[in-house]
Amino acid sequence: METTAAQLKKGQKGIIKTYHAEHIPLKLLEMGCLPGSEIELLHIAPLKDPLYININGSHLAIRKETAKHIEIEVVE
C-alpha cells in the first residue's frame with residue numbers, strides 16, 4: 001500500500017516518489033512538487049483541509065484531495 005502526502009502527520013517528512021499529473025495543478029509542479037523533493041507537513045486546518053506543507057523551502061497550502069495523489073516515502 002502506498003503512502004500519500006495526505007497521510008502525513010504534523011511535523012512528519014517524506015520524499016516524493018511519484019504523483020498523478022492529471023490531479024496536480026501545474027503551479028504546484030512549478031513550485032517544486034516533483035519526485036525526489038522533500039515534503040513536510042507543517043499544519044492542518046481545523047476542519048482537516050487544507051494542509052500547510054513545506055516543499056523544498058516553499059510553504060504551500062494544498063487541498064487534502066490533491067495531497068492524496070502525491071505518493072511519498074516517509075522519512076523518520
Side-chain angles (χ1 to χ4, degrees):
M1 177 158 184
E2 79 243 5
T3 302
T4 66
Q7 296 169 313
L8 284 173
K9 295 180 178 25
K10 187 175 177 181
Q12 199 172 26
K13 295 181 182 183
I15 303 294
I16 299 173
K17 293 192 318 187
T18 186
Y19 58 86
H20 304 282
E22 64 274 5
H23 300 288
I24 306 295
L26 180 60
K27 190 66 173 175
L28 193 58
L29 299 175
E30 290 173 346
M31 296 187 80
C33 184
L34 299 168
S37 298
E38 184 177 85
I39 183 171
E40 177 183 7
L41 181 60
L42 301 173
H43 299 287
I44 302 172
L47 296 176
K48 308 291 185 219
D49 199 14
L51 306 175
Y52 188 56
I53 60 172
N54 176 5
I55 299 178
N56 291 333
S58 296
H59 292 210
L60 310 166
I62 64 171
R63 296 185 62 219
K64 195 168 194 170
E65 186 60 37
T66 301
K68 288 179 182 177
H69 298 285
I70 302 172
E71 292 181 28
I72 62 165
E73 179 180 333
V74 176
V75 177
E76 297 300 326

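Across all non-hydrogen atoms, the minimal contact from I70 to C33 is CD1-SG, 3.6 Å. The two residues P35 and K17 make their nearest non-hydrogen contact at CB-O, 3.5 Å. Minimum heavy-atom separation, T66 to P25: CG2-CD, 4.0 Å. Nearest approach of L51 to A67, heavy atoms of both residues: CD1-CB, 3.8 Å.
Every residue two or more places apart in sequence or in another chain was checked for a side chain to side chain donor-acceptor pair (under 3.5 Å) with H69, and none qualifies.
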E71 and I16: side chain to side chain contact (heavy atoms under 4.5 Å, CB included), yes or no, with the steps?
CA-CA 6 Å; E71 292 181 28; I16 299 173; over 6 Å; no
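Between Y52 and H43, the angle of the ring planes stays under 30°, which puts this pair in the parallel group of the 30/60° scheme.
Note that CG of D49 is 8.5 Å distant from CD of E65, once rounded to the nearest 0.5 Å. Expressed to the nearest 0.5 Å, how far OG1 of T4 lies from NE2 of H20 amounts to 9.0 Å. Rounding to the nearest 0.5 angstrom, the gap separating the CD1 atom in I39 from the CD1 atom in I15 is 10.0 Å. Distance check: I44 CD1 to I53 CD1 gives 12.0 Å after rounding to the nearest 0.5 Å. Summarising the geometry, atom CD1 belonging to I62 is positioned 6.0 Å from atom CD1 belonging to I55; distances are rounded to the nearest 0.5 Å. Atoms CD and CD, from E38 and E73 in turn, are 12.0 Å apart once rounded to the nearest 0.5 Å.
The shortest side-chain heavy-atom distance between L41 and K9 does not fall under the 4.5 Å cut-off. L60 has its side chain within reach of M31: a pair of non-hydrogen atoms, C-beta onward, lies under 4.5 Å apart.
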